[in-house]
Amino acid sequence: MAKESAKARARKRIATVARYAEKRAALKAAGDYEGLDKLPRDASPVRLHNRDMIDGRPRGYMRKFGISRVRFREMALDGKIPGVTKSSW
């Protein structure tokens, strides 16, 4: 479980990227790099890091499901993810 401050910081970055997306695209298309420099650092999508949507775990992220490997295993065993079953052979 990640700290609440880390999860809040990640949510804030996601909101900042969304807020400045159109402006960044327009400045980039115009080649105005001075204007891009004046935008906040967190407006760049490169600064985002994938985190578990539920508990904020930064490592072991499964992109297809948006959750960490630990959470995925728990949810799969509980039958909360449709179409996912434990393999046996």
N/O donor to acceptor pairs below 3.5 angstrom from side-chain atoms of residues 10-26, sequence neighbours left out:
| from | atom 1 | to | atom 2 | distance (Å) |
| --- | --- | --- | --- | --- |
| Arg13 | NE | Asp42 | OD1 | 3.2 |
| Thr16 | OG1 | Lys12 | O | 2.8 |

* Kindly give the cluster partners of Val46, where membership spreads through any ILVMFWY side chain lying under 4.5 Å from a current member. =>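 For Val46, no cluster forms, as it stays isolated from other hydrophobic side chains.
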* Verdict with supporting geometry, Arg57 and Arg51, side chain to side chain contact (heavy atoms under 4.5 Å, CB included) -> CA-CA 5 Å; Arg57 182 179 167 85; Arg51 284 186 172 269; over 6 Å; no
* For Ala2 against Gly56, the heavy-atom pair lying closest together ->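 So the minimum-distance heavy-atom pair works out to CB-O, 3.4 Å.
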* Can you pull the ring-ring contact (aromatic ring centres under 6.0 Å, His included) pairs that have at least one residue in residues 26-60, sequence neighbours excluded? ->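 Applying ring-ring contact (aromatic ring centres under 6.0 Å, His included) to every pair that reaches into residues 26-60, excluding sequence neighbours, yields nothing.
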* Any side-chain heavy atom of Glu34 within less than 4.5 Å of one from Asp32? ->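 They are in contact (side-chain heavy atoms under 4.5 Å apart), so the answer is yes.
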Result block: side-chain N/O donor-acceptor pairs under 3.5 angstrom for residues 59-73, not counting sequence neighbours:
| from | atom 1 | to | atom 2 | distance (Å) |
| --- | --- | --- | --- | --- |
| Ser68 | OG | Asp52 | OD2 | 2.9 |
| Ser68 | OG | Arg71 | N | 3.4 |
| Arg71 | NH1 | Glu74 | OE1 | 3.4 |
| Arg71 | NH2 | Asp55 | OD2 | 2.9 |

